[in-house]
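Here the structure comes first, spelled out in structure tokens, and everything after it is commentary.
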Number of protein chains: 2
Amino acid sequence: MKVLIVEDESELAKDITQYLLAEHYVCEVAGSYREAEQKIALYDYDCILLDLMLPDGNGLQLLEQLQQQNKQEGIIIISAKNATDDKIKGLQNGADDYLTKPFHHAELSARIHSVIRRKQFAHTNIIENHELTIDLLAKTVKVHDQLVPLTKKEFALLLFFISNKNRVISKGALAEHLSGDMADMFDNHDFIYAHVKNLKKKLQQAGCDNYLTTMYGTGYKWEN
Amino acid sequence: MKVLIVEDESELAKDITQYLLAEHYVCEVAGSYREAEQKIALYDYDCILLDLMLPDGNGLQLLEQLQQQNKQEGIIIISAKNATDDKIKGLQNGADDYLTKPFHHAELSARIHSVIRRKQFAHTNIIENHELTIDLLAKTVKVHDQLVPLTKKEFALLLFFISNKNRVISKGALAEHLSGDMADMFDNHDFIYAHVKNLKKKLQQAGCDNYLTTMYGTGYKWEN
DNA sequence: CTTCTACTATCAGCACCTTCATGTTGGCAA
DNA sequence: TTGCCAACATGAAGGTGCTGATAGTAGAAG
């Protein structure tokens, strides 16, 4: 977990760094608008603590910039008391949270934790296809909200079918995709039969309709 | 990449040459101690395959000589089975790796590749690979600048994987590389499972992507 | 030297992958 | 339609890899 602290008051920055280190976060400090810009370009931080008052620019600008780059996640604004105007603008512009100086360490920690968690959930890539729900991160498949335990190969197979749905997929392509070995493109594809069978069986047992049709002499097609 | 093959059995030398040519290495053969000496004086090879039993001298002498000239890097000893004595002396005298006849082509290729990579890194002592930073001198591994404590075996394993990345590595090769005992090439490889598991676990916990895929019935491959 | 700790190796049980033998289906030609 | 062959499906079997627990081992500390 890597945190960027954008703050020109080096005393405060050091203080925060020290505390977050103890919390097992990895920290970097940017003392100016420009420095922040550079660091963000180089690395995707899990969380950014952003002071709006910077010697060479306003943090709100940085916020807008990040939003345009789809990097707006995980930003916590830290600013002086009573700057309610900034707070409103900041949250409108995509900041995730707001903290007024001075603040307690524990509070900061809680905010960061919350923001990072939210960000991780935002990343959970989920594919929905009729009664099927595929979680790419957790590598799980649900049918009607009921978990279907699939093996790696079965999962890969299902994913490949659904991402190429309504298209015919040759067994050669399947073999290559599953084994990652080009050699398998040419010789025997017996193992495909087995995996397809097992996948179909598991899905069917979970109450999922059969969308997979075999195209005789050609391959398979997932239709829906 | 230029490889010198010091081997008096012309049949074997020719065989190796042919294979390495296909692997896009440039090869030269020296059939005797003297010939090897001459060729090495003329050109800095990236890798030297050294048979210890030569008609006009012992390869170990050559090894010592090269070490005195600071040319000791990139040497792989190839020798008859059960010559454990030679192996120990060879590795003590600065050889980078050891291979017993007969060996598989793929195995040789992997070793050469590994040795050449190591030679290239000999100057920097730091290998960077995506979020991984490996310090060969300090024997430390970092993920996102955060230290990951690895045991010797785990470290050796990771290094071997990364030095041969995008190639399939047999468990036999791993076993020999880790234990330094060629007997392990043939019998049981159970301990490999344990080390691979522990390594993967530690890397994953540190937030490192999983680049290691197992090639069923073949070995492992580090892909990135 | 003894104790302690961290590391390494081994094992059994399980899940998974692949292959094989056999049964079934679909296309094609007579 | 019938028969044939190739493509596909299926269940069983054996090999392979993963995992947690456990025992052995070496190095460090006292």
Side-chain angles (χ1 to χ4, degrees), chain A residues 139-141 147-161 168-205 210-223, chain B residues 139-141 147-161 168-205 210-223:
Chain A
K139 308 253 184 204
T140 57
V141 174
L147 206 79
V148 183
L150 296 183
T151 71
K152 278 181 199 166
K153 299 271 175 181
E154 288 159 4
F155 185 83
L157 204 51
L158 176 61
L159 200 57
F160 197 56
F161 281 139
V168 179
I169 304 171
S170 73
K171 281 203 297 297
L174 283 177
E176 194 187 347
H177 189 254
L178 284 195
S179 73
D181 192 341
M182 298 245 244
D184 285 342
M185 268 197 70
F186 306 107
D187 50 345
N188 124 320
H189 297 151
D190 271 6
F191 71 103
I192 295 289
Y193 296 136
H195 288 305
V196 167
K197 182 196 58 165
N198 293 333
L199 175 61
K200 286 177 87 165
K201 192 176 176 185
K202 283 188 185 175
L203 290 180
Q204 185 222 321
Q205 279 181 353
N210 186 353
Y211 302 112
L212 194 64
T213 57
T214 95
M215 316 295 286
Y216 191 91
T218 317
Y220 295 91
K221 190 161 72 167
W222 184 278
E223 298 178 284
Chain B
K139 309 258 183 200
T140 57
V141 174
L147 206 79
V148 183
L150 295 183
T151 70
K152 279 180 201 166
K153 300 271 177 182
E154 288 159 4
F155 186 82
L157 204 50
L158 176 60
L159 200 57
F160 197 57
F161 280 138
V168 179
I169 305 171
S170 73
K171 281 203 296 295
L174 283 176
E176 196 187 347
H177 187 79
L178 284 195
S179 72
D181 188 346
M182 41 196 160
D184 285 342
M185 261 199 77
F186 307 106
D187 50 343
N188 128 318
H189 299 149
D190 271 5
F191 71 104
I192 295 289
Y193 293 137
H195 289 303
V196 168
K197 183 190 57 161
N198 294 332
L199 176 61
K200 284 177 88 166
K201 192 175 176 186
K202 284 189 184 175
L203 289 181
Q204 186 221 321
Q205 280 180 352
N210 186 354
Y211 300 113
L212 194 64
T213 57
T214 95
M215 313 297 286
Y216 190 92
T218 317
Y220 294 91
K221 190 162 73 168
W222 184 279
E223 296 178 285

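Convention: sequence-line order gives letters A, B, ...; per-chain numbering from 1. When reading the values below, keep in mind they use all heavy atoms of this one structure, side chains included, and skip hydrogens, waters and symmetry mates.
Closest non-hydrogen pair, A:His177 versus A:Ala156, comes out as CE1-O, 3.9 Å. The two residues A:Leu157 and A:Val196 come nearest to each other via the heavy atoms CD2-N, 3.8 Å.
For A:Lys202 (side chain) and A:Pro149 (main-chain N/O), a donor-acceptor pair under 3.5 Å exists by modelled atom type. Looking only at distances, a side-chain donor or acceptor of B:Glu154 sits under 3.5 Å from a matching main-chain atom of B:Thr151.
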Contact state string [nucleotides 7-15 of chain C, B base, S sugar-phosphate only, - no protein heavy atom under 4.0 Å]: SSSBB----

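In this structure B:Lys153 satisfies the side chain to side chain donor-acceptor pair (under 3.5 Å) test with no other residue, sequence neighbours excluded. Contacts of B:Tyr220 classified as side chain to side chain donor-acceptor pair (under 3.5 Å), with partners at least two apart in sequence or in another chain: none. Remark: A:Ser170 pairs with no residue by the side chain to side chain donor-acceptor pair (under 3.5 Å) rule, at least two apart or across chains.
For D:dG20, the base has a donor-acceptor partner in the side chain of B:Lys197 [N/O atoms by modelled type, under 3.5 angstrom].
Residue A:His189 contributes atom NE2, which lies 18 Å from atom P of C:dC17 at whole-angstrom precision. Per the geometry, CG belonging to A:Leu199 stands 15 Å off P belonging to C:dT18, to the nearest Å.
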N/O to N/O distances under 3.5 Å, protein versus nucleotides 2-8 of chain D:
unit_1 : atom_1 : unit_2   : atom_2 : d
D:dA6  : N3     : A:Tyr216 : OH     : 3.1
D:dA7  : O4'    : A:Tyr216 : OH     : 2.9
D:dA7  : O3'    : A:Gly217 : N      : 3.3
D:dC8  : OP1    : A:Gly217 : N      : 2.9
D:dC8  : OP2    : A:Lys171 : NZ     : 2.3
D:dC8  : OP2    : A:Tyr193 : OH     : 3.3

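Within the structure, no pair that satisfies the salt bridge (charged side-chain N to carboxylate O under 4.0 Å, His left out) test touches residues 191-201 of chain B, not counting sequence neighbours.
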